[in-house]
Amino acid sequence: MTETQNPKALIAMSGGVDSSVAAWLMQDAGYDCTGITMRLTRNETLGQSGFHTCCSESDIEDAAEVAFALDIPYEVLDFTVDFREKIIDKFVRVYEMGGTPNPCTDCNKYMKFDHLLSWAEAHGMEYVVTGHYARVEQDAATGRWLLKKGLDEGKDQSYVLYNLTQEQLAHVRLPLGALHKTEVRAIAEQHRFVNARKHDSQDICFVPDGDYARFMEGYTGKHYPEGDFLDENGKKVGRHHGAVRYTIGQRKGLGLAMGAPVYVCAKDMQANIVTVGPEELLFDRVVYAEEANWIAIPELTEPLRVTARTRYHQVEQEATVYPAGEGCFRLEFDQPQRAPTPGQAVVLYQGDVVLGGGTIVSVTR
């Protein structure tokens, strides 16, 4: 893709206020914009209706109305097949293996910044634009593209974008990165967008009611059977409703009366056993990750001091990252962390710059 006098931009329009304002900002900056909504799921996939989700039929209507108001071309692209294969099937697979998947990170990697960039390039467009609260800048000294936190700390979405490559970052624009949510809503109100006061959608668009185990049973046709709760000494202390229904660190909903609070500390998916114990058993200091993606550096060749998150909204924690073979790294936190879990993304920062990240595969004390 090459720069033109009037650069062309594909606006990924989810139907929400953020992507709508992103479209207006790019148009106001002189870009030739085209709005695109990705159709990712259908009601028969979700098995229910009436919930507010990302890229639903009502969202498509809202996105189309904003595109009409801005007088820009608008299309809906059907990616339901790829979304099932790359996002939903992986989500189910990771849960069935005992991990905690991160479908929003995968969606950004495989859908928004893979399929949309390819479609944009095929149609002569230089950029893909989204309503994420993060910033993309080029380092003048190294020439590398950098991913930085959004200035609105409460809305920063850099965590779910750590998988972006240098090639993708060169053609991605995130116009909301320097704004606060209040400013975005004010712009939408000023221009009377239909979604100016629309609530933010939940993270997992295909599990609209949050009951991921129910969704998985409906999606796969499987029944996840009951099994034993064991304490940290291997003693049976009760029955659970299927190991996939529990996450590491969970306290509520266990239905156990043991005289003191207990938490899910481990799961044996093959044996269908859930181990519970006191909260101190949840804390680990060392995380191993694979599928590493480095943004601010070409590769990790020596230990580096970083801050890190193992969850989207976690406060960053001080740590040291070490190379651990091709595509892998070991992260040692200064202080033990509560319930880092295989399947989760771990994202590394230096200041407001995303160094890189990977997928947790194991943890240890």
Side-chain angles (χ1 to χ4, degrees), residues 90-91 93-106 108-109 134 147 149 156-165 203 232 243-244 246-251 263-269 274-365:
K90 180 181 178 181
F91 175 88
R93 185 168 63 251
V94 171
Y95 259 124
E96 290 182 339
M97 293 172 60
T100 301
N102 206 311
C104 296
T105 299
D106 289 333
N108 286 323
K109 177 180 181 179
L147 176 65
K149 299 175 190 174
D156 170 49
Q157 293 173 297
S158 59
Y159 176 88
V160 296
L161 299 176
Y162 84 88
N163 260 319
L164 289 175
T165 67
D203 283 348
E232 67 269 32
V244 297
Y246 303 88
T247 57
I248 302 300
Q250 178 177 336
R251 176 186 174 185
Y263 302 78
V264 175
C265 297
K267 300 193 296 182
D268 183 332
M269 303 306 291
V274 176
T275 299
V276 298
E279 190 171 23
E280 56 261 31
L281 295 182
L282 293 175
F283 286 82
D284 296 290
R285 204 169 70 85
V286 181
V287 165
Y288 292 87
E290 62 181 16
E291 299 178 348
N293 182 61
W294 302 109
I295 295 179
I297 57 175
E299 59 180 330
L300 184 69
T301 58
E302 60 184 3
L304 292 176
R305 289 293 293 171
V306 297
T307 58
R309 296 182 197 169
T310 59
R311 290 180 176 82
Y312 191 167
H313 296 297
Q314 180 189 25
V315 176
E316 290 163 40
Q317 302 294 310
E318 299 281 345
T320 302
V321 61
Y322 299 86
E326 186 174 354
C328 302
F329 61 84
R330 182 178 87 255
L331 186 67
E332 295 188 6
F333 287 97
D334 292 3
Q335 300 295 328
Q337 300 299 303
R338 188 185 188 281
T341 306
Q344 293 174 329
V346 54
V347 180
L348 315 178
Y349 295 83
Q350 290 186 324
D352 65 349
V353 175
V354 176
L355 184 72
T359 302
I360 298 174
V361 291
S362 63
V363 298
T364 180
R365 295 188 179 183

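Note: hydrogens, waters and symmetry copies are ignored here, and every other heavy atom, side chains too, is used.
- P323 pairs by the side chain to side chain contact (heavy atoms under 4.5 Å, CB included) definition with L300, not counting sequence neighbours.
- Under the side chain to side chain contact (heavy atoms under 4.5 Å, CB included) criterion, M269 pairs with A243, V244, K267, not counting sequence neighbours.
- Contacts of Q250 classified as side chain to side chain contact (heavy atoms under 4.5 Å, CB included), with partners at least two apart in sequence or in another chain: Y246, T247, L254, V264.
- Residues that satisfy the ring pair (Phe, Tyr, Trp, His ring centres under 6.0 Å) test with F329, not counting sequence neighbours, are W294.
- Inspection of the Q337 and Q314 side chains reveals an N or O donor paired with an N or O acceptor under 3.5 Å.
- In terms of modelled atom types and a separation under 3.5 Å, the side chain of E291 and the main chain of A289 share no donor-acceptor contact.
- With sequence neighbours excluded, the residues that form a salt bridge (Lys or Arg N to Asp or Glu O under 4.0 Å) with E316 are K149, R309.
- Residue pairs meeting the salt bridge (charged side-chain N to carboxylate O under 4.0 Å, His left out) criterion with at least one partner in residues 350-362, sequence neighbours excluded, are R135-D352.
- Under the rule for a salt bridge (Lys or Arg N to Asp or Glu O under 4.0 Å), R285 has no partner lying at least two apart in sequence or in another chain.
- With sequence neighbours left out, Y95 forms a ring pair (Phe, Tyr, Trp, His ring centres under 6.0 Å) with F91, Y212.
- In this structure, the salt bridge (Lys or Arg N to Asp or Glu O under 4.0 Å) partners of E332, at least two apart in sequence or on a different chain, are R330.
- In terms of the salt bridge (Lys or Arg N to Asp or Glu O under 4.0 Å) criterion, residue partners of K90 (sequence neighbours excluded) are, by chain and number, D106.
- Partners of T301 according to the side chain to side chain contact (heavy atoms under 4.5 Å, CB included) rule, which considers only residues two or more places apart in sequence or in another chain, are E299.
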Using a 3.5 Å cut-off and no angle test, enumerate the donor-acceptor pairs between side-chain atoms of residues 340-350 and protein atoms at least two apart in sequence or in another chain.
| unit_1 | atom_1 | unit_2 | atom_2 | d |
| --- | --- | --- | --- | --- |
| T341 | OG1 | A339 | O | 2.9 |
| Q344 | OE1 | T341 | N | 2.9 |
| Y349 | OH | S158 | OG | 2.8 |
| Y349 | OH | Y159 | N | 3.4 |
| Q350 | NE2 | R305 | O | 3.0 |

